[in-house]
Peer 1: 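Right, I'll just put the structure down here and ask away after.
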Amino acid sequence: MYDLARSLLFKLDPEVSHELSLELLGATGRLGLSGLFPNVPESKPVDVMGLRFPNAIGLAAGLDKNADAFEALGAIGFGFVEVGTVTPKGQSGNPKPRLFRLPEHNAIINRMGFNNKGVDHLVSRVKKHRYKGILGINIGKNLTTSVEDAAQDYLTCLQEVIPYADYITANISSPNTPGLRSLQFGESLAELISPLIEAKNRYFDEYGKQVPLAVKIAPDMTDDEIKLVADTLVEQKVDGIIATNTTLSREAVKGHRYEAEAGGLSGAPVREQSTHVVRVLSEYLKDELPVIGVGGIENGKDAVEKLEAGAKLVQVYSGFIYRGPELIREAITSTDAYLRETRR
Ligand SMILES: Cc1cc2nc3c(=O)[nH]c(=O)nc-3n(C[C@H](O)[C@H](O)[C@H](O)COP(=O)(O)O)c2cc1C
């Protein structure tokens with residue numbers, strides 16, 4: 001079924017087909033028709049960051065930026081859906097074209113630039129919902145906000161979404177917002193994260209609800225840089241690390257006609273690099289902080305590979321575009337079997 005839909009959707013401009021798919025999914029959710037999707041495989045729940053995930057497979061941020069379709073996406077089987085990246089004010093993102101498919105590599109290059117309708121719209125969508133899985137909300141900064149003032153944008157978003165989020169992710173690793181990745185290092189990282197931790201602790205004191213904060217990092221770092229980031233995140237007492245975002249590297253797609261397009265590369269070409277980051281983090285952190293692995297998962301085996309490298313949960317994006325719901329079912333079955341075998 002998805003093969004047929006895909007062959008039609010892939011004939012369209014990538015962004016048009018993206019919007020059309022989300023419209024259809026959103027309508028399915030709003031009309032309460034999500035029950036039409038085939039049954040989701042059984043899975044043992046997975047406990048991470050103090051939350052109980054129905055299974056280990058999540059949808060990575062960026063597909064449902066405005067939380068317009070997360071209920072239907074949840075019904076496809078995702079144990080968790082991360083909506084966003086959302087910014088305080090709505091913004092249109094980079095000029096089009098800004099999304100490129102590289103089917104020869106099962107890959108995508110994007111330079112969307114946080115196009116989204118703003119945090120008020122997202123809040124209006126997540127206020128009431130029927131989704132029973134875990135809802136993550138991924139936050140960022142507006143393009144017009146300087147990197148020096150970024151902390152205020154993240155704080156504004158966190159304060160607005162915290163009543164409705166099961167967990168929040170601070171995205172400091174998109175390559176498409178100038179200077180954003182510099183927030184991953186040294187003092188900038190601590191200065192960005194500490195007000196967020198304070199705010200979520202205040203929220204707990206007032207309302208008794210713990211909302212874990214995860215930080216999403218880039219794959220384009222040396223092992224030493226990864227460890228430095230990890231040290232700061234432990235010091236700051238964040239609850240999890242999501243590894244990784246898209247890569248700036250074009251090594252794996254050399255010679256492709258889109259090689260020179262600016263933006264982040266995702267899908268199969270980023271898999272090894274992401275798994276490497278997961279492994280370095282997991283070995284370095286032991287069990288101090290859970291790692292959520294994302295990047296290039298195309299089948300059940302790739303999902304298990306991330307768990308073997310130390311991830312507690314995984315997320316998918318590009319693989320879902322190429323393979324559809326079948327990937328989710330396969331990944332749930334494989335990771336559930338692996339987790340039962342290893343009694344994790
Ligand atoms: C079109 C597109 C848009 C994305 N937008 C975001 C985003 O807004 N925020 C974010 O944290 N990650 C974003 N990502 C990165 C994905 O969440 C994921 O980390 C990355 O694509 C690697 O996973 P994959 O190989 O399974 O796609 C985006 C990826 C793509 C392909």
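Both ligands and their constituent atoms are indexed starting at 1 by order of listing.
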Peer 1: Give a yes or no answer on whether the side chain of N171 reaches the backbone of G140 with a donor-acceptor pair at less than 3.5 Å.
Peer 2: no
Peer 1: For the residue pair F78 and F70, is the inter-centroid distance of their aromatic rings smaller than 6.0 Å?
Peer 2: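 Between F78 and F70, the centre distance exceeds or equals 6.0 Å.
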Peer 1: Assess the residue pair Q91 and N115 against the criterion (side-chain hydrogen bond (donor to acceptor under 3.5 Å, both in side chains)); give the C-alpha distance rounded to whole Å, side-chain angles, the decisive distance to 0.1 Å, and a yes or no.
Peer 2: CA-CA 5 Å; Q91 58 180 30; N115 56 309; over 6 Å; no
Peer 1: Does the pair D220/R181 count as a salt bridge with the N-to-O cut at 4.0 Å?
Peer 2: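 Looking at D220 and R181, the cut-off is met.
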Peer 1: Could D13 and K96 be called an ion pair, given the rule that one side-chain N must be under 4.0 Å from one carboxylate O?
Peer 2: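 Answer for the salt bridge query: no.
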Peer 1: Write out the protein residues near ligand 1, meaning a non-hydrogen atom under 4.0 Å from one of its atoms, in order of chain and number.
Peer 2: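 Within 4.0 Å of ligand 1, the protein residues are A60, A61, G62, K65, T85, L99, I108, N110, N138, N171, K216, T244, N245, T246, S266, G267, V270, V294, G295, G296, V316, Y317, S318.
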Peer 1: Check step by step if side chain to side chain contact (heavy atoms under 4.5 Å, CB included) holds for Y154 and L183.
Peer 2: CA-CA 12 Å; Y154 284 85; L183 294 170; 4.1 Å; yes
